[in-house]
Protein chains: 2
Amino acid sequence: MPNGPNPFAKTRRDHADETAEDYVEAIADIEVASGTCRVKDLSERMQVSHVTVTRILNRLSDAGLVAREPYGPVGLTPRGLEMAAASRTRHETVVSFLERIGVSNATAEHDAEGMEHHASKETLEAMRRHLRQPEDDANLG
Amino acid sequence: MPNGPNPFAKTRRDHADETAEDYVEAIADIEVASGTCRVKDLSERMQVSHVTVTRILNRLSDAGLVAREPYGPVGLTPRGLEMAAASRTRHETVVSFLERIGVSNATAEHDAEGMEHHASKETLEAMRRHLRQPEDDANLG
DNA sequence: AATAATTTGTAGCAATGGCTACATTCTGTA
DNA sequence: TACAGAATGTAGCCATTGCTACAAATTATT
Ligand SMILES: [Mn+2]
Ligand SMILES: [Mn+2]
Ligand SMILES: [Mn+2]
Ligand SMILES: [Mn+2]
């Protein structure tokens with residue numbers, strides 16, 4: 001029963017994990033790009049107020065994903081790093097797959113940001129299988 | 001700017017529409033299957049309490065999507081019918097597409113229930129384009 | 001060093017969607 | 001018709017994620 005008994009229940013579970021996945025991924029991204037990640041960086045990236053970011057970071061800190069002291073930079077715990085890596089991999093898979101079927105990069109990035117959290121292992125494997133295949137260029141017509 | 005400026009903002013907008021889309025789709029489904037739709041039917045379908053269903057139906061009624069009187073059956077307004085039809089079409093597209101790339105029907109139904117709300121027009125068109133192509137049966141090995 | 005600007009934190013509000021417990025209404029059956 | 005059971009409604013709780021307004025801390029500038 002990897003999927004749970006009900007599609008709607010599964011979707012709700014996916015949504016419950018979504019914030020953590022996106023935030024740790026963003027933190028890792030920003031650290032790579034800017035050296036350190038600040039609350040401000042996240043509020044700009046997510047397009048929400050710094051208040052929302054702070055509250056979410058507190059929860060992720062309680063959950064053992066984020067390491068942080070007041071007014072300090074935002075870091076990831078080992079578990080946060082793990083989750084960030086997995087999230088980034090999954091994100092890239094979904095974006096690449098959408099592009100492969102002919103979606104523009106901008107739209108792929110937009111749609112993947114939501115779709116990624118609902119793609120099960122089986123679906124991700126199917127996407128990767130397709131990415132491994134040579135480009136079809138199926139409809140040249 | 002069909003996508004809005006930010007992937008996370010778009011995802012939040014998608015989520016804001018999600019409940020309405022799934023409920024009107026479910027109501028239409030249940031009406032076809034059972035003749036009428038009751039609160040009970042929805043609470044079983046969605047796997048939530050009847051209280052949650054009632055509150056959501058009140059909101060959808062205020063929004064002009066659902067027609068309803070206390071203790072009566074749950075119906076759709078013309079606008080609700082429209083949305084239900086569009087949602088069902090989109091749902092079917094995503095399920096069929098996932099199956100086409102090799103995902104089992106059960107998993108396709110589960111993943112599509114969440115993914116569908118994040119698939120833009122462009123992505124849906126790409127999926128339908130692929131569905132129109134002959135089965136590749138690409139990797140027979 | 002003093003001051004200004006930026007950043008972060010906190011208080012408190014709203015909307016949404018979960019829930020249990022209890023009240024009411026409806027329905028079917030005795 | 002009376003009653004029992006099922007369905008629906010209401011009250012009120014919690015968690016999450018948005019927000020503005022204001023307070024405190026930090027950083028930059030003079
Ligand atoms: Mn995302
Ligand atoms: Mn979603
Ligand atoms: Mn659906
Ligand atoms: Mn859905």
Side-chain angles (χ1 to χ4, degrees), chain A residues 4-27 30 34-63 65-75 113-114 117, chain B residues 4-27 30-31 34-63 65-75 113-114 117-118:
Chain A
N6 181 285
F8 297 101
K10 181 213 176 241
T11 299
R12 287 195 298 271
R13 286 193 302 273
D14 291 341
H15 284 157
D17 301 331
E18 177 162 350
T19 304
E21 291 166 353
D22 282 341
Y23 272 71
V24 297
E25 190 187 347
I27 292 164
I30 292 168
S34 326
T36 53
C37 176
R38 312 279 328 189
V39 169
K40 187 82 183 321
D41 299 314
L42 287 167
S43 89
E44 280 165 4
R45 166 85 58 121
M46 301 306 198
Q47 299 258 272
V48 297
S49 72
H50 77 276
V51 183
T52 298
V53 172
T54 298
R55 189 167 4 74
I56 288 172
L57 289 179
N58 286 337
R59 188 156 40 80
L60 298 185
S61 174
D62 290 347
L65 296 169
V66 160
R68 198 166 138 52
E69 38 193 307
Y71 298 97
V74 181
E113 199 52 74
H117 308 280
Chain B
N6 181 284
F8 297 101
K10 182 213 176 240
T11 299
R12 288 194 297 270
R13 286 193 301 275
D14 291 341
H15 283 157
D17 301 330
E18 176 162 350
T19 304
E21 292 166 353
D22 281 340
Y23 272 73
V24 298
E25 189 187 348
I27 292 165
I30 292 168
E31 276 181 349
S34 326
T36 53
C37 175
R38 312 279 329 188
V39 169
K40 187 81 183 319
D41 299 315
L42 287 167
S43 89
E44 280 166 2
R45 166 86 59 121
M46 302 305 198
Q47 298 259 274
V48 297
S49 73
H50 78 276
V51 182
T52 298
V53 172
T54 297
R55 188 167 5 73
I56 288 172
L57 289 180
N58 285 338
R59 187 157 40 81
L60 298 184
S61 175
D62 290 346
L65 296 169
V66 159
R68 199 165 137 51
E69 37 193 308
Y71 297 98
V74 181
E113 200 53 73
H117 308 280
H118 304 285

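Proteins get letters first, then strands, A, B, ... in listed order; numbering begins at 1 in each. Not measured: the values here are computed from a predicted model.
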What side-chain donor-acceptor pairs closer than 3.5 Å can you find for residues 50-58 of chain A, not counting sequence neighbours?
residue, atom, partner, partner atom, Å
A/Thr52, OG1, A/Ser49, OG, 3.4
A/Thr54, OG1, A/His50, O, 2.9
A/Asn58, ND2, A/Thr54, O, 3.4

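For the pair B/Met46 and A/Phe8, the minimum side-chain heavy-atom distance is below 4.5 Å. In this structure the side chain of B/Ile30 never reaches within 4.5 angstrom of the side chain of B/Glu44, judged on heavy atoms.
The CZ-P distance, from A/Arg12 to C/dT16, rounds to 17 Å in whole Å. Nucleotide C/dA15 holds its P atom 16 Å from the CD1 atom of B/Ile56, rounded to whole Å.
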Could I get a table of every N or O pair under 3.5 Å where one atom is in the protein and the other is in nucleotides 3-7 of chain C?
residue, atom, partner, partner atom, Å
C/dT7, OP2, A/Lys40, NZ, 3.0

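Judged by distance alone with a 3.5 Å cut-off, no donor-acceptor contact links the side chain of B/Arg55 to the base of D/dG9.
Within residues 43-54 of chain B, the residues approaching DNA chain D are B/His50, B/Val51, B/Thr54, by heavy-atom distance under 4.0 Å.
For B/His117, there are no ring pair (Phe, Tyr, Trp, His ring centres under 6.0 Å) partners at least two apart in sequence or on another chain. For the salt bridge (Lys or Arg N to Asp or Glu O under 4.0 Å) test, residues two or more places apart in sequence or in another chain that qualify with A/Asp14 are A/Lys10. Listed by chain and residue number, B/Asp29 satisfy the salt bridge (Lys or Arg N to Asp or Glu O under 4.0 Å) test with B/Arg45 (two or more places apart in sequence, or in another chain).
Of the possible polar contacts, none joining the A/Arg13 side chain to the A/Asp17 backbone as a donor-acceptor pair under 3.5 Å is found.
The phosphate of C/dG9 (OP1 or OP2) has a side-chain N or O of A/Arg68 nearer than 4.0 angstrom.
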